[in-house]
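Contents: one structure, followed by commentary.
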Amino acid sequence: MNFTFNTWSFVFAASINSCIGNLLLKRSRLEAPDPGLVSLLLSPWFISGLVFYSINVVLFGKALDKLPVSTAYPVFAGLGFGLIAITGSWFFGERLGLNQHLGLGIILIGIIVMSRS
């Protein structure tokens, strides 16, 4: 298989879009006037999150044209974990302590091992 930079850029872009979608979903819950399902579905933050999730699916699908899912998905998921942990800490003040740092390090090691097989 020909693993080009362009193919991997689809995986990275999909991870970024997934992260943005998750941040928007969190924001929709923080801004919700009530915890009901209707307020969730009508929230512009939630709808925006769905748009980013949709873009994520298209980009990741395009990456799978040339990458095996057993390699692409661990990279995608690991990037997503890392991005969400860091951006959640920045934007929402969520805790990013020693356990989270260790966990992200272990995930990174796992991604490297998985992508080399």
Side-chain angles (χ1 to χ4, degrees):
M1 288 186 164
N2 183 13
F3 302 117
T4 63
F5 173 77
N6 191 32
T7 303
W8 281 107
S9 65
F10 284 121
V11 174
F12 296 127
S15 280
I16 290 169
N17 276 281
S18 178
C19 176
I20 294 169
N22 283 301
L23 293 172
L24 291 168
L25 181 62
K26 174 70 174 182
R27 181 67 182 228
S28 76
R29 299 322 299 152
L30 293 174
E31 299 286 330
D34 62 68
L37 184 61
V38 173
S39 72
L40 171 67
L41 296 175
L42 296 178
S43 166
W45 296 104
F46 180 77
I47 294 167
S48 299
L50 290 178
V51 169
F52 278 94
Y53 286 141
S54 299
I55 294 168
N56 154 42
V57 170
V58 171
L59 292 171
F60 190 69
K62 188 65 181 155
L64 293 178
D65 283 348
K66 296 195 176 170
L67 294 172
V69 72
S70 62
T71 302
Y73 190 77
V75 172
F76 166 78
L79 285 170
F81 290 144
L83 288 171
I84 286 297
I86 292 166
T87 57
S89 176
W90 285 344
F91 291 115
F92 303 118
E94 295 177 350
R95 184 176 176 275
L96 190 58
L98 179 61
N99 286 343
Q100 288 80 8
H101 282 96
L102 288 173
L104 288 172
I106 291 167
I107 289 169
L108 179 61
I109 292 168
I111 290 169
I112 292 168
V113 169
M114 287 289 297
S115 65
R116 296 189 154 245
S117 51

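No continuous path of ILVMFWY side-chain contacts below 4.5 Å connects Leu59 to Phe52, so the two sit in separate hydrophobic clusters. Under a hydrophobic clustering in which Ile, Leu, Val, Met, Phe, Trp and Tyr are joined whenever their side-chain heavy atoms come within less than 4.5 Å, directly or via other members, Val69 and Ile111 fall into the same cluster. Follow the hydrophobic side-chain contacts under 4.5 Å out from Tyr73 and you reach Ile107 in the same cluster. Taken together through direct or relayed side-chain contacts under 4.5 Å among Ile, Leu, Val, Met, Phe, Trp and Tyr, Leu83 and Val75 form parts of separate hydrophobic clusters. There is a path of hydrophobic side-chain contacts, each under 4.5 Å, that joins Leu50 to Leu40.
The distance from atom CH2 of Trp90 to atom CG of Leu96, rounded to the nearest 0.5 Å, is 10.5 Å. Rounding to the nearest 0.5 Å places OG1 of Thr87 at 4.0 Å from CG of Leu23. Here the CH2-CZ distance, from Trp45 to Arg27, works out to 4.5 Å after rounding to the nearest 0.5 Å.
Residues Val11 and Ala63 approach most closely at CG2-CB, 3.5 Å, considering heavy atoms. Nearest approach of Thr71 to Pro74, heavy atoms of both residues: O-CD, 3.3 Å.
Between Asn6 and Ser9, some side-chain heavy-atom pair lies under the 4.5 Å cut-off. Here the side chains of Leu104 and Leu108 are not in contact, with every heavy-atom distance at 4.5 Å or above. Between Leu24 and Ser28, the closest side-chain pair of non-hydrogen atoms is not below 4.5 Å. Side-chain atoms of Phe12 and Leu79, non-hydrogen and from C-beta on, do get closer than 4.5 Å to each other. Side-chain contact between Leu25 and Phe46: present, with at least one pair of heavy atoms (C-beta onward) separated by less than 4.5 Å. Between Asp65 and Phe10 there is no side-chain heavy-atom pair separated by less than 4.5 Å. Taking 4.5 Å as the limit, some side-chain heavy atom of Phe92 sits within range of a side-chain heavy atom of Leu30. Put simply, the side chain of Arg29 reaches to within 4.5 Å of the side chain of Ser39, judged on heavy atoms.
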Apply the test side chain to side chain contact (heavy atoms under 4.5 Å, CB included) to residues Asn22 and Ser18: give CA-CA distance (whole Å), side-chain angles for both, the deciding distance (0.1 Å), then the verdict.
CA-CA 6 Å; Asn22 283 301; Ser18 178; 3.6 Å; yes
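The salt bridge (charged side-chain N to carboxylate O under 4.0 Å, His left out) pairs that include a residue from residues 73-95 are Lys26-Glu94, where partners are two or more places apart or lie in different chains.
With hydrogens and angles ignored, the 3.5 Å screen pairs a side-chain donor or acceptor of Ser48 with a backbone N or O of Pro44.
The environment of OH in Tyr53 is crowded: more than 12 heavy-atom neighbours from other residues, nucleotides or ligands sit within 6.0 Å.
Residues Phe60 and Phe76 place their aromatic rings such that the two centres sit under 6.0 Å apart.
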